[in-house]
Amino acid sequence: NAGVMQNPRHLVRRRGQEARLRCSPMKGHSHVYWYRQLPEEGLKFMVYLQKENIIDESGMPKERFSAEFPKEGPSILRIQQVVRGDSAAYFCASSPDGTGELFFGEGSRLTVL
Amino acid sequence: SQKIEQNSEALNIQEGKTATLTCNYTNYSPAYLQWYRQDPGRGPVFLLLIRENEKEKRKERLKVTFDTTLKQSLFHITASQPADSATYLCALDPSGGYQKVTFGIGTKLQVIP
């Protein structure tokens with residue numbers, strides 16, 4: 001049973017470009033969470049999604065950031081017109097029923113030049 | 001405002017001793033509290049979950065306590081080993097509704113051989 005798969009593991013973008021980060025939850029998990037982690041800082045909640053629904057996006061910046069979890073395929077975190085401050089590690093986690101333990105991927109590390 | 005406090009300074013202990021990490025929180029009424037381990041460049045890995053009506057939980061060399069009056073959890077690793085060196089994250093899930101796990105900044109543990 002494969003774990004949470006994130007890709008790409010590393011992504012380099014120039015300012016103004018778009019970044020797309022993908023997350024495939026564990027098999028049977030329909031709850032997906034995205035977190036952002038800056039160096040020497042904790043994991044910051046961004047968004048919680050279930051299939052085809054955004055449940056809580058209170059941690060998402062109001063502009064340039066969006067997330068989706070379609071009926072088929074991985075969850076996508078999209079960052080438009082990236083700026084240097086978007087450079088961070090973005091972690092995806094999944095759970096089977098929205099309670100208890102979170103299963104994390106290995107993260108996608110975005111570097112904005 | 002809601003706050004989770006972990007000692008952000010690194011904790012250094014001698015191999016074989018018991019490591020004790022502290023997690024304090026304010027303005028939360030968590031349904032449960034979790035501890036995760038994170039190695040450099042990796043995603044967090046779940047260790048233990050303790051519910052609000054539980055005082056203590058054990059798993060092999062790990063022990064967690066949860067005092068909702070003091071608003072504090074202690075995480076113990078007995079007979080510590082160099083392989084236990086990592087950052088340990090405390091996480092809270094508020095009561096009621098859907099899951100929205102919030103993480104502390106973590107405490108870096110270094111076990112010295």
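Note that this is a predicted model, so its numbers are computed, not measured. Order of the sequence lines sets the chain letters (A, B, ...), proteins ahead of strands, with each chain counted from 1.
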For Tyr36(B) and Leu102(A), indicate whether the former's side chain and the latter's backbone hold a donor-acceptor pair under 3.5 Å.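 Here the side-chain-to-backbone pair exists.
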Looking only at the aromatic ring of each residue, does the gap between the centers of Phe46(B) and Phe103(A) stay below 6.0 angstrom?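 So the answer is no for these two rings.
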For each of Gln6(B), Arg51(B), Gln34(B), tally heavy-atom pairs with chain A at distances under 4.5 Å, and name the one with the top tally.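 Most heavy-atom pairs under 4.5 Å with chain A: Gln34(B).
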Looking at Gly41(B), Gly106(B), Gly104(B), which makes the most heavy-atom pairs under 4.5 Å with chain A?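 Sorted descending by pairs with chain A, the first entry is Gly41(B).
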Count I, L, V, M, F, W, Y as connected when their side-chain heavy atoms are under 4.5 Å apart, and connections chain through other members. Are [X] and [Y] then in the same cluster?
X: Leu11(B); Y: Trp35(B); result: yes
X: Leu48(B); Y: Tyr25(B); result: yes
X: Val4(A); Y: Leu21(A); result: no
X: Ile13(B); Y: Leu21(B); result: yes

Interchain contact, Ile4(B) with chain A, by part (heavy-atom threshold 4.5 Å):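 For Ile4(B), neither part sits under 4.5 Å from chain A.
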For Gln38(B), is it the side chain, the backbone, both, or neither that has a heavy atom closer than 4.5 Å to a heavy atom of chain A?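 The side chain, not the backbone.
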Inter-residue atom distance Leu49(B).CG - Glu101(A).CD, 0.5 Å rounding: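 One gets 8.5 Å once the value is rounded to the nearest 0.5 Å.
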How far does OG1 of Thr102(B) sit from OH of Tyr35(A), to the nearest 0.5 angstrom?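 Here the interatomic distance stands at 6.5 Å.
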Specify the closest pair of heavy atoms between Gly42(A) and Ile105(B), including all atoms of both residues, with the distance to one decimal.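 Nearest heavy atoms, Gly42(A) then Ile105(B): N-CG1, 3.7 Å.
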Neighbour count >12 (heavy atoms, 6.0 Å) for atom [atom1], [X]:
X: Gln14(B); atom1: CD; value: yes
X: Lys17(B); atom1: NZ; value: no
X: Arg15(A); atom1: CZ; value: no

Please rank Glu41(A), Lys44(A), Gln6(A), Arg109(A) by heavy-atom pairs under 4.5 Å with chain B and give me the top one.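 Among the listed options, the one with the most contacts to chain B is Arg109(A).
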Top residue by heavy-atom pair count (under 4.5 Å) with chain B, among His31(A), Arg9(A), Gln37(A)?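 Heavy-atom pair counts peak at Gln37(A).
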Is any side-chain heavy atom of Phe91(A) less than 4.5 Å from a side-chain heavy atom of Arg42(B)?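 No. Closest side-chain heavy atoms not under 4.5 Å.
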